[in-house]
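Take a look at the structure set out below.
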There are 2 protein chains.
Amino acid sequence: MRRKVTLKQIAKELDVSISTVSKSLRDSSEISEDTRQKVQAFAKLYNYKPNNIALSLKNRKSKTICIIIPEIIHHFFATVISGVEHIANENGYNVIVCLSDESFDKEVINLETLANGSIDGFIMSLSKETQQKRDFHHIAEVINQGMPVVMFDRITNDILCDKVIIDDNLAAFNATQYLIDKGFKKIGLISTVDYVSVGKLRTEGYTKALKTNDIKFDENLIIKIEDTDNFESQIETLISNNDLDAIFAVNEIFAVTAIKVATRLGKNVPNDISIIGFTDGIISKYSSPSITTVSQNGVKMGEKAAKMLIEKLEIEEEDYEEQYKTEVIETELVERESTI
Amino acid sequence: MRRKVTLKQIAKELDVSISTVSKSLRDSSEISEDTRQKVQAFAKLYNYKPNNIALSLKNRKSKTICIIIPEIIHHFFATVISGVEHIANENGYNVIVCLSDESFDKEVINLETLANGSIDGFIMSLSKETQQKRDFHHIAEVINQGMPVVMFDRITNDILCDKVIIDDNLAAFNATQYLIDKGFKKIGLISTVDYVSVGKLRTEGYTKALKTNDIKFDENLIIKIEDTDNFESQIETLISNNDLDAIFAVNEIFAVTAIKVATRLGKNVPNDISIIGFTDGIISKYSSPSITTVSQNGVKMGEKAAKMLIEKLEIEEEDYEEQYKTEVIETELVERESTI
DNA sequence: TTTCAACACGAAAACGTTTTCGAAACCATA
DNA sequence: TATGGTTTCGAAAACGTTTTCGTGTTGAAA
């Protein structure tokens with residue numbers, strides 16, 4: 001177990017100065033062909049690699065970005081990470097992944113511990129708790145310190161920064177419209193509580209589609225799920241109490257559970273009831289019947305977010321102008337077997 | 001946008017030395033109560049936080065660990081990350097996530113770029129390509145440089161290091177035995193090609209169970225899937241050409257696809273054919289019928305791996321003795337609807 | 001022989017910490 | 001007053017780089 005070799009050690013061995021070694025390795029013209037080769041050969045022999053930490057300190061940048069997500073188990077977030085990682089790697093950046101576990105406090109801690117030189121910028125999606133509290137001072141703080149932040153998916157308008165989202169409202173509108181076009185009138189909605197920004201937006205899209213098509217809005221056809229424990233019974237109540245033509249669910253889990261419950265209640269999907277989900281993950285793909293769903297393309301979101309962040313990081317200090325963009329990623333309705 | 005304040009700046013403002021500031025902030029008894037309070041108040045006012053990079057350089061450790069996985073989209077790996085992150089955070093470590101995308105080259109690059117001070121240790125699961133090439137020099141190298149490595153799930157015996165695995169062989173044996181106990185004799189196996197270590201082990205467990213119960217081993221009942229593209233047709237051939245009682249699939253995707261194909265072929269799962277999968281992810285849980293499967297508990301694997309790594313990192317240099325453990329995580333058969 | 005550029009290299013600062021050691025300044029005791 | 005022990009602080013080294021600037025040596029031209 002030999003320790004990593006440093007410039008100093010090489011310098012000592014070859015009886016030259018540290019500067020000479022450094023310059024030789026960087027092919028500086030200041031150094032004679034002779035010593036340059038000697039140094040390079042020696043460095044190669046001992047497998048010299050510059051110490052990243054020292055470089056970070058010197059350059060005042062770490063070439064590392066951090067992505068904070070509420071949950072890694074969600075397929076969507078995993079795909080976003082995948083996209084971020086891809087672009088980051090292409091540009092020589094590393095990715096630190098932090099999980100907030102939907103907790104405000106963990107989000108704060110993550111930001112605080114990493115905003116001290118460890119990383120160059122953040123990509124983040126808000127935790128449920130943060131959205132509920134509407135307390136964003138921790139984010140404002142890191143931005144104020146000059147650290148770029150890109151928010152995605154679960155964002156807030158209270159913070160000025162780059163954002164990448166899908167048009168949740170429009171996507172939900174289109175999904176609902178798709179059902180309406182099939183001739184359905186009694187369309188149920190399985191959504192989340194309103195403080196989850198995307199849940200609220202999707203609910204609004206659903207409502208708008210109904211209104212646009214002059215379909216009576218019925219409060220009873222909507223359930224908003226808070227905790228993830230006993231939502232199956234809520235869905236069961238929804239389906240058995242109303243003779244629904246179709247259901248729009250704001251995520252995969254809700255959609256697949258709706259299918260399961262409907263089937264158990266003796267309804268055939270899609271013949272008796274059509275179901276549309278949101279997020280095109282493995283559940284939608286492998287469910288039977290497979291699920292018609294709104295595809296968000298998490299990979300593309302991650303890639304876009306990473307690109308925006310890195311772009312901010314690489315512009316020179318003097319050229320910097322405070323200007324924020326919000327990118328909207330296209331969604332797509334993937335038609336499968338759960339709709340007629 | 002104010003830059004982060006440093007010790008030097010505080011020292012200058014208060015007209016004391018850097019050492020005094022540093023000591024004051026660390027509550028050194030060398031400093032008088034007076035100046036200590038003065039410095040601390042000032043630091044708090046300007047929200048001073050020590051620069052992590054500088055600390056890393058000084059302490060020669062980064063308090064960061066890296067986990068390299070083949071694919072983040074796989075639910076199992078996501079759960080492992082979750083476990084690692086949890087334990088790491090508890091111990092004040094950050095987690096860098098790297099994806100090898102099942103590529104040998106990316107694995108090498110990840111190891112090389114991070115093994116230069118950026119991180120203190122690795123947790124990794126081998127890429128398919130690496131397992132196929134059986135080339136592990138890159139891992140041997142970082143270990144040789146004194147950097148601890150913990151391998152999990154997809155491991156190799158060619159490298160000496162800490163490992164955390166499940167007993168794939170035994171788990172597969174138990175799953176097969178479970179089917180045999182139900183009275184099934186014609187049991188199909190959907191596995192991966194042999195160079196994927198876990199695939200091979202699970203195949204062996206299956207074979208052993210048959211042998212132990214004096215059931216004739218039939219080559220035709222086994223398929224080993226290489227690429228993930230057209231495996232559905234292979235499964236279809238398997239099911240339609242043999243009148244199977246049951247199927248053991250070595251992962252979720254294969255299991256759920258088997259259900260889908262069997263259903264399409266007019267067979268009822270579980271009444272006509274029972275199916276057991278491997279990995280207890282969302283697919284198994286939300287499939288209809290839900291899938292009886294071997295639960296690996298990725299979270300526990302990740303936690304264990306992280307614990308082992310951090311333990312290695314925190315022992316003093318002089319107490320260090322080269323000694324490696326292999327931890328086996330218990331598996332569990334989760335009974336659901338896909339078996340009779 | 002003197003002068004001057006070109007060449008080859010080294011010293012030192014800088015990035016932001018922590019820590020060791022030395023040195024003033026103060027007080028109390030002999 | 002001389003001695004010695006505290007108390008309180010600062011200088012400097014160290015972590016491993018890169019880079020600026022200075023300096024000594026060489027060779028050629030005057």
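In what follows, chains are A, B, ... by sequence order, proteins preceding strands, each numbered from 1.
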Report the distance from atom CD1 of Ile159(A) to atom CD1 of Ile155(A), rounding to the nearest 0.5 Å. 11.0 Å
According to salt bridge (charged side-chain N to carboxylate O under 4.0 Å, His left out), who are the partners of Glu85(B), at least two apart in sequence or on a separate chain? Lys106(A)
Tell me, for nucleotides 10-17 of chain D in 5' to 3' order, what letter each nucleotide earns: B for a base near a protein heavy atom under 4.0 Å, S for only sugar-phosphate near one, - for neither? BBB-BBBB
Regarding Thr35(A), tell me which of base, sugar-phosphate or nothing describes its non-hydrogen contacts under 4.0 Å with the strands shown. sugar-phosphate
Sequence neighbours left out, what passes salt bridge (charged side-chain N to carboxylate O under 4.0 Å, His left out) with Glu30(B)? Give chain and number order. Lys23(B)
Salt bridge (charged side-chain N to carboxylate O under 4.0 Å, His left out) involving Glu327(B) - partner list, sequence neighbours excluded: Lys304(B)
Would you find a donor on one side and an acceptor on the other, under 3.5 Å apart, between the side chain of Asp135(A) and the backbone of His137(A)? yes
Paired and unpaired positions of DNA chain D as dot-bracket, Watson-Crick or G-U wobble under 3.5 Å, | denoting a partner strand: ||||||||||||||||||||||||||||||
Sequence neighbours excluded, which residues qualify as side chain to side chain contact (heavy atoms under 4.5 Å, CB included) partners of Leu25(A)? Leu7(A), Val21(A), Val39(A), Gln40(A), Ala43(A), Tyr48(A)
Whole angstrom value for the distance that separates C1' of dT8(D) from NZ of Lys38(B): 12 Å
Just jot down the salt bridge (charged side-chain N to carboxylate O under 4.0 Å, His left out) partners of Lys63(A), sequence neighbours excluded, or say none. Glu314(A)
Under the side chain to side chain donor-acceptor pair (under 3.5 Å) test, which residues partner Ser197(B), sequence neighbours left out? Gln131(B)
Tell me which pairs pass salt bridge (Lys or Arg N to Asp or Glu O under 4.0 Å) where either residue lies in residues 148-163 of chain B, with sequence neighbours left out. Glu102(B)-Arg154(B), Arg134(B)-Asp158(B), Asp162(B)-Lys312(B)
Strictly by salt bridge (Lys or Arg N to Asp or Glu O under 4.0 Å), give each pair with a member in residues 46-59 of chain B just once, sequence neighbours left out. none
Within residues 108-119 of chain A, find the residues that approach DNA chain C with a heavy atom at under 4.0 Å, and present them sorted by residue number. none
Between CD1 of Ile31(B) and P of dT19(C) the distance, given in whole Å, is 13 Å
What residues, two or more places apart in sequence or in another chain, satisfy side chain to side chain donor-acceptor pair (under 3.5 Å) together with Gln37(A)? Glu33(A)
Rounded to whole angstrom units, what separation is found between the CG atom of Asp27(B) and the C1' atom of dT19(C)? 16 Å
Take the protein atom CD of Glu33(B) and the nucleotide atom P of dT8(D), then report the distance between them rounded to whole Å. 10 Å
